[in-house]
Amino acid sequence: MLDQRLLRDNPEQIVSQLARRGLTVDLTGLQLIAQQERDLEQRRSELQAEGNRTGKQVGQLIRGGAAADGPEVAALREQGNRIKQQVAVLEEEEKSLEARLREQLLTFPNLPAPEVPEGTSEAENVEVKRWGSPRSEAGLLEHWQIGERLGLWETERSVRIAQSRFITLLGAGARLERALISFMLDQHTSRGYTEVLPPVLVNSASLTGSGQLPKFAEESFRCSGDDLWLTPTAEVPLTSLHRDEVLAAEQLPLRYCAYTPCFRREAGSYGRDTRGLIRLHQFNKVELYWFTRPEESAAAHEQLTRHAEAILETLDLPYRRIELCTGDLGFSAARTFDLEVWLPGAGTYREISSCSVCGDFQARRASIRFKDADTKGTQLVHTLNGSGLAVGRTMAALLENGQQPDGSVQLPAALVPYFGGERIG
RNA sequence: GGAGAGGUGGCCGAGUGGUCGAAGGCGCAGCACUGGAAAUGCUGUAUAGGGGCAACUCUAUCGAGGGUUCGAAUCCCUCCCUCUCCGCCA
């Protein structure tokens, strides 16, 4: 959520920064509401002060011996009643203005960080680096072909259980998924992350805190009888792990990693990536999440991204790092690096991780602050998140990169203790 | 799901409807005492928003939201959460 003070003091900055995202916004209406709200607050609080004084006078008179039903007291009572009525009117107006203001502010995306490259679409994203030696022989299979051939999962029967875009892993496929989850979590916890296994049903406040609501309701599955949704990413429960908290400065940075299944409706992606593990309504992901001091978030972003890259490197999977341009940034992100893994069968790089720094955008929505012991007041924390990694896509990459001429798949050495073998098929 | 108990500041814990943002204690910080420390004493110790250059000041907040009242931590209603017992269940 955008800062109301920024709206008041420097609205041009909001307009110009959102313009970098390709958004044209007119803030005059919002500014007017904010101004009216402040005026109302002032009038209301003055009136309340008067009411408080009146109330006190009544108390003093009665304690001083005045008759509780005498004329003096009666006059003050009447005055108190009058003030109360006026306050009620102002309060109602103020509340509705406040609600309108918040409602609108919640629909604005984050401002891009200054260093984010300009651009209008993913075509203008910037490649930062490449790692590894991509295979490119002719005749390599795509991961869904390998999976089908080796019987790693069941697609048509999954439609019977649920619907399309769901998958049932079987045998070595299921085992590999489990091995990957354990492997990733062990890697991250060995670097100091605290492992979290959060609820995967989350309430509306949690989705609002991390930025999925109110704008992207159609992207999530919703439970009909309760205020609960299936989480689209562990970023949601992890943000709300500390929602409405004031953290002690010495706790920071807080670093969490969480495995969760993720649920996405993928509205509007009919016909794309219909085969295999790339785009499913339910997929597994290990997520990295940091809460930091504002001045530390930029360095943290690089570290978090490195931790995601370390998984790819340990699995010997070639990848490249892409910096998203302003036009391709996600709603809550101020700056994002995508990691794309090489899929030699498909002959393309595919996104396997997205590492973002959100500044105080989520912290303001979710009210997550910290306090230095020796200073007054609190500050908003900065939050960061990144996949470390998307598990299904990692499996796809392992299958394509490890495929052998005999149809089997060679697994990287790091995975052997987890999988209990070095080869599938 | 049924029955009961309870939710007060960082923590514990008081609070008869009227100077209660809230006693007292613990903790924490500063000062004093000390060679240094402990102990002791004194002082200070919430958050959010508004106004003010500032000192400061106004408002709100005792789980949340309504209500009664001139005035609510205190009375009433609804909801949420926690605990105990019963039922059900992995």
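The sequence lines fix the lettering, A, B, ..., with proteins before strands; numbering per chain opens at 1.
In this structure, A:N203 atom CG and B:C79 atom C1' are separated by 15 Å, rounded to whole Å. Computed from coordinates, the A:R364 CZ to B:G49 P distance equals 10 Å when rounded to whole Å. A:F370 has its CZ atom 12 Å from the P atom of B:A48, to the nearest Å. With rounding to whole Å, A:D227 atom CG is found 17 Å from B:C79 atom P. A:D226 places its CG atom 10 Å from the P atom of B:G1, with the value rounded to the nearest Å. Taking atom CG of A:L101 as the reference point, atom P of B:G50 lies 12 Å away to the nearest angstrom. Residue A:E37 contributes atom CD, which lies 12 Å from atom C1' of B:A48 at whole-angstrom precision. Distance, A:E98 CD to B:A48 P: 16 Å, rounded to whole Å.
The gap from the C1' atom of B:G17 to that of B:U74 amounts to 6 Å, rounded to the nearest Å. If you take atom C1' in B:G10 and the same atom in B:G44, they sit 16 Å apart, rounded to whole Å. Across the P atoms, B:U68 and B:G13 are found 34 Å apart, a figure rounded to whole Å. Using atom C1' as the reference point in both B:A38 and B:A48, the two lie 40 Å apart (nearest Å). Distance noted for atom P between B:G51 and B:C76: 39 Å (whole Å). A gap of 15 Å separates the C1' atoms of B:U47 and B:A22, to the nearest Å. Separating the P atom of B:A23 from that of B:U45 is a span of 11 Å, rounded to the nearest Å. Going from the P atom of B:G24 to that of B:C83 covers 32 Å, rounded to whole Å.
Using modelled atom types and a 3.5 Å distance limit, the side chains of A:T260 and A:K285 yield no donor-acceptor pair. For the residue pair A:N52 and A:Q48, no side-chain donor N or O sits within less than 3.5 Å of a side-chain acceptor on the partner.
Across all strands shown, the partner of B:A5 is B:U82, judged by Watson-Crick or G-U wobble contacts whose two distances both fall under 3.5 Å. Pair check for B:C53 finds none; no Watson-Crick or G-U wobble contact set falls under 3.5 Å. The nucleotide B:U45 finds its pairing partner in B:G27, both defining distances of the Watson-Crick or G-U wobble pair being shorter than 3.5 Å. With both pairing distances under 3.5 Å, B:U68 is matched to nothing as a Watson-Crick or G-U wobble pair. Remark: B:A90 base-pairs with no nucleotide; criterion is Watson-Crick or G-U wobble with both hydrogen-bond distances under 3.5 Å. In this entry B:A14 has no Watson-Crick or G-U wobble partner, no candidate having both defining distances under 3.5 Å. When both pairing distances are held under 3.5 Å, B:U40 makes a Watson-Crick or G-U pair with B:A32. Partner assigned to B:C20 is none, using Watson-Crick or G-U wobble distances below 3.5 angstrom.
For A:Q57 and A:Q379, each mapped to the nucleotide of RNA chain B holding its nearest heavy atom, the one lying further toward the 5' end belongs to A:Q57.
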Might you work through the salt bridge (Lys or Arg N to Asp or Glu O under 4.0 Å) test for A:R335 and A:E115, ending with a clear yes or no? CA-CA 8 Å; A:R335 189 180 189 201; A:E115 58 271 40; 3.7 Å; yes
Between A:R293 and A:D372, is a salt bridge (Lys or Arg N to Asp or Glu O under 4.0 Å) present by the stated rule, with each step listed? CA-CA 10 Å; A:R293 303 179 64 97; A:D372 277 309; 3.0 Å; yes
From CA spacing to verdict: salt bridge (Lys or Arg N to Asp or Glu O under 4.0 Å), A:R369, A:E245: CA-CA 6 Å; A:R369 293 163 295 161; A:E245 283 189 35; over 6 Å; no
Would A:F331 and A:F361 satisfy ring pair (Phe, Tyr, Trp, His ring centres under 6.0 Å), going step by step from the backbone distance to the final call? CA-CA 10 Å; A:F331 183 77; A:F361 184 83; 5.7 Å; yes
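Contacts of A:R8 with the nucleic acid, taken as non-hydrogen atoms under 4.0 Å apart, involve only primed sugar atoms and P, OP1 or OP2.
The side chain to side chain donor-acceptor pair (under 3.5 Å) test with A:R243 is passed by exactly one of A:S367, A:S206, A:S210: A:S206.
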Report, as a single string ordered 5' to 3', how protein heavy atoms within less than 4.0 Å touch nucleotides 57-72 of chain B: B base, S sugar-phosphate only, - not at all. -SSS-----S--BBS-
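Listed for the A:R20 side chain is a donor-acceptor partner under 3.5 Å among the backbone atoms of A:V116.
Look at A:K371 and you'll find a side-chain N or O under 4.0 angstrom from OP1 or OP2 of B:U47. In terms of phosphate contacts, A:R5 brings a side-chain nitrogen or oxygen within less than 4.0 Å of OP1 or OP2 of B:G49.
The shortest distance between side-chain heavy atoms of A:V236 and A:P232 falls below 4.5 Å.
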